[in-house]
Structures are given as structure tokens and as C-alpha cells.
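Owing to the predicted nature of the structure, the values given are computational and were not obtained by experimental measurement.
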Amino acid sequence: MKKQFICLAAFIFAIAICHAKNAKLSQNAVNINIDYNDKVFPGDAVFIRIQFENAKNRKKNLSISSASAEITDEKKSVAACNFYALGAKKTSAEFLAGLPISSWAENGERQIKIKYNVQDEGENEISLPLEIEKKEFESGVIKLTKEMSAISSDTSPEKVEQSKKLNAIINSTNSENVFNLKKFILPVTSRRRTTQFAERIIYKYPSGKESTTVHAGIDFGLPKPPSSGPQPHMEIVAPADGKIVMAENRIATGWTVIIEHLPGLYSMYYHMSELKVKAGQMVKQGELLGLSGATGFANGEHLHWEMRLNSMIVNPDFFMNDFAFTEN
């Protein structure tokens with residue numbers, strides 16, 4: 001989107017680095033190996049990869065009946081989810097879990113509590129340290145056109161049903177849908193970002209009213225500003241393997257594609273002019289999804305790229321790293 005900046009300081013793009021930490025321990029004759037990112041910024045995610053293996057003196061098969069992770073802040077839960085299986089053998093099992101960190105999270109120390117059950121031996125618990133580092137987000141102003149204002153104020157049954165459908169998708173978690181464990185690539189070749197992730201935006205309506213929101217993703221504009229003359233639409237590709245769970249036209253987001261990558265992890269692509277995929281289709285990293293446009297709530301051609309983890313917005317840049325620890 002085109003906007004006027006409140007702060008004119010230049011933005012320097014840098015991909016956040018995953019601070020990986022490894023922990024090894026033994027509990028109840030089970031050896032445990034854990035990889036996770038122990039330092040994050042607000043809006044990032046914590047991914048935990050855990051391997052269970054029978055100790056050498058343990059002869060019976062290994063069976064993990066359940067495993068969950070929770071981030072706590074002064075004994076209050078701020079995020080929680082279940083692990084999903086990556087693979088299992090008679091004497092070992094491997095799991096992954098992802099926990100979103102709010103873009104409003106304050107910096108400081110947190111605790112990750114992992115609970116798991118080995119067969120009928122009762123519940124076990126592991127505590128891991130987590131540090132949320134300080135981050136300042138940009139602020140900006142967007143002047144809405146009459147068309148955008150009308151979309152914003154639209155309360156029609158059609159728009160309500162579209163919102164319910166989208167929310168049902170991003171709130172769903174299927175533990176069997178493990179489609180991608182590799183780092184992502186950018187969905188467009190353009191590096192011109194017109195609105196940043198979690199930017200604090202003031203909308204100015206034609207009526208003179210204002211409202212404030214948090215930008216849920218990253219907006220990529222055409223490689224050159226529109227004043228440079230007509231440009232072809234940008235090709236939008238899948239940044240990672242996954243399953244198309246939505247490919248349709250919506251009032252608010254125009255031609256829209258949503259991809260499921262992992263249980264509870266979705267990427268979203270808004271305002272497109274043309275789609276090249278259908279719902280239910282499996283896609284590979286780099287496969288064409290469609291072309292950029294200005295459909296729906298948009299005042300210029302761009303791609304809005306958004307990521308949701310357990311329904312919460314997370315920074316797409318985070319997934320440009322080895323978030324699932326496949327390169328260890």
C-alpha cells in the first residue's frame with residue numbers, strides 16, 4: 001500500500017537470525033535431544049524439535065503418548081500447543097512444535113515448559129529458558145480511497161461468511177499435515193517493501209475519521225514505483241511446499257491464496273489479479289501461484305504476504321531461516 005510515513009528514518013532490511021540452542025538430558029531411561037531458538041523478537045516464533053530415544057539399557061519399545069509445549073510469563077501462559085510427529089521407530093521418536101510470539105510482547109525472560117508422557121509412566125516436564133529481545137516497529141499513515149473505505153465498512157452477510165471461512169482455516173490444526181521443513185524463499189523477486197510486518201498503521205478515511213491497526217504481513221510493491229511507467233504484474237510463487245487450502249476472490253483481500261505448510265502454519269497471498277492454482281492442490285517451493293494485482297482493499301498494485309501460526313500473525317522473514325533445524 002502507498003502510505004505517508006510518520007517517521008522518515010530509512011528502513012534497513014535484515015533477516016532475523018535464529019539463535020539455535022541444543023539441550024540434552026535423560027529422564028526415566030529415555031535420552032532426549034532438543035533443538036530450539038532461545039532468542040526471539042516480538043512477532044517471531046519459537047520452534048522446538050525434540051528427539052526421544054531409549055537408553056541402551058532399556059529393552060522395551062518407546063511410545064510417546066502425548067507431548068505439549070507452553071511459554072509462560074510470570075506463571076501465566078502466553079502460548080501453548082501440542083507437538084506433532086516427524087517420525088517414529090521402535091526405540092526412538094521425533095516431534096516438532098511451533099509457538100507464536102505476539103508483536104506486542106515485551107522484552108525479557110520467559111520459560112518454555114515441555115510436558116510429555118512415555119507409555120504408562122506418567123507425565124514428565126522439561127523447562128527451557130527463552131529470551132524475547134527488544135524491537136521497535138515502524139509507524140505509518142495510509143489514506144483510504146472511497147472504494148477502500150466502503151470495503152472497510154462493509155458488513156454484508158457475504159463478507160461475514162468470508163471472514164468465518166478464513167478464520168476456520170487458520171484456526172485449524174491437522175497433526176498429519178507436515179508438508180515442509182525447509183527454509184522459505186521470497187514469493188516475489190521484487191525487494192521493494194511498501195509496508196512492513198507489524199507496522200503500526202493509522203488509516204485516514206475520506207470522511208476525516210481515523211483508525212489504528214497493526215499490519216499483519218509484508219507488502220511488496222512493483223520493482224519500480226508506478227510513476228516509472230507501465231510494468232508487468234509480478235509473478236507470485238510458493239515460498240515453500242504445501243497444500244492450497246483457499247484460492248478464491250474475497251471482498252476484503254481480492255483474489256486470495258492460502259497455503260498450509262505445517263500443522264497450524266499458513267501463508268497467505270492477497271490482492272492478486274489472477275490465480276494459477278486451485279484449492280486442494282499440492283504445490284512445491286517456487287511453483288507459480290498467480291500474478292500480483294490491486295483487488296480488494298488496495299490502493300495500488302502489490303502483494304500482501306502474511307503468515308499465521310496457530311492463528312496468530314508472525315513475521316514472514318522468520319521463516320527464511322532454518323526454523324525446523326534440518327541443517328544440524
Side-chain angles (χ1 to χ4, degrees), residues 1-3 11 13-16 142 147-148 151 162 166 169-170 179-197 199 215-262 265-309 313-323:
M1 291 183 182
K2 299 175 184 176
K3 64 180 180 300
F11 173 76
F13 167 61
I15 292 178
I142 294 177
E147 292 77 12
M148 294 172 72
I151 290 173
Q162 289 177 353
L166 186 146
I169 289 174
I170 63 175
F179 302 127
N180 176 78
L181 296 173
K182 298 179 181 178
K183 64 177 68 173
F184 283 41
I185 62 173
L186 290 174
V188 290
T189 57
S190 174
R191 298 298 186 267
R192 193 170 73 88
R193 299 184 176 209
T194 55
T195 311
Q196 307 300 334
F197 168 74
E199 190 168 329
H215 192 245
I218 300 171
D219 285 351
F220 290 92
L222 295 170
K224 295 179 181 180
S227 59
S228 62
Q231 296 181 61
H233 298 300
M234 296 184 291
E235 289 191 341
I236 300 166
V237 302
D241 296 358
K243 180 181 180 180
I244 305 295
V245 292
M246 178 181 284
E248 62 188 51
N249 194 17
R250 304 178 69 250
I251 293 172
T253 59
W255 287 103
T256 298
V257 170
I258 301 179
I259 306 176
E260 181 181 17
H261 301 284
L262 286 170
L265 180 65
Y266 298 89
S267 62
M268 309 158 85
Y269 311 83
Y270 292 168
H271 312 304
M272 298 164 71
S273 62
E274 184 179 349
L275 304 187
K276 300 292 186 179
V277 291
K278 297 180 180 180
Q281 178 181 339
M282 302 300 297
V283 291
K284 293 291 186 181
Q285 185 179 70
E287 190 170 338
L288 184 64
L289 302 177
L291 303 177
S292 65
T295 57
F297 187 82
N299 60 357
E301 180 161 342
H302 70 285
L303 168 68
H304 173 93
W305 180 31
E306 185 174 321
M307 297 288 300
R308 296 274 183 159
L309 176 59
I313 62 169
V314 285
N315 190 351
D317 285 331
F318 172 84
F319 297 92
M320 306 293 285
N321 299 281
D322 179 30
F323 68 95

Asks: Treating Thr253 as the side-chain partner and Tyr270 as the backbone partner, does any N or O pair qualify as donor plus acceptor under 3.5 Å?
Replies: no
Asks: Measure the CG-CH2 distance between Asp317 and Trp305 for me, rounded to the nearest 0.5 Å.
Replies: 6.5 Å
Asks: Could you check whether the rings of His271 and His304 sit parallel, tilted or perpendicular, using 30° and 60° as the cut-offs?
Replies: perpendicular
Asks: What are the two closest non-hydrogen atoms of Lys276 and Leu288, and how far apart are they?
Replies: CG-CD2, 3.7 Å
Asks: So, do Ile313 and Arg308 sit near enough that their side-chain heavy atoms are less than 4.5 Å apart?
Replies: yes
Asks: Thinking salt bridges, do Glu248 and Arg250 make one under a 4.0 Å N-O criterion?
Replies: no
Asks: Taking all atoms of both residues into account, what is the closest heavy-atom pair of Pro187 and Tyr269, and its distance?
Replies: CB-CE2, 4.0 Å
Asks: Compare all side-chain heavy atoms of Leu262 with those of Leu309 and state whether any distance is below 4.5 angstrom.
Replies: no
Asks: Tell me, with the steps shown, if Ser190 and Leu222 meet side-chain contact (heavy atoms from CB on, under 4.5 Å).
Replies: CA-CA 6 Å; Ser190 174; Leu222 295 170; over 6 Å; no
Asks: State, with a plain yes or no, whether a side-chain heavy atom of Val188 is found less than 4.5 Å away from one of Ser292.
Replies: no
Asks: Within the 3.5 Å criterion, strictly below it, is a donor on His261 or Ser267 matched to an acceptor on the partner's side chain?
Replies: yes
Asks: Do Glu235 and Leu291 have side chains that get closer than 4.5 Å, going by heavy atoms?
Replies: yes
Asks: So, do Ile259 and Val277 sit near enough that their side-chain heavy atoms are less than 4.5 Å apart?
Replies: no
Asks: Do Met307 and Phe197 have side chains that approach each other closer than 4.5 Å (heavy atoms only, starting at C-beta)?
Replies: no
Asks: Side-chain contact, heavy-atom cut-off 4.5 Å: Ile218 with Arg193?
Replies: yes
Asks: Do Leu166 and Ile258 touch side chain to side chain, with heavy atoms closer than 4.5 Å?
Replies: yes
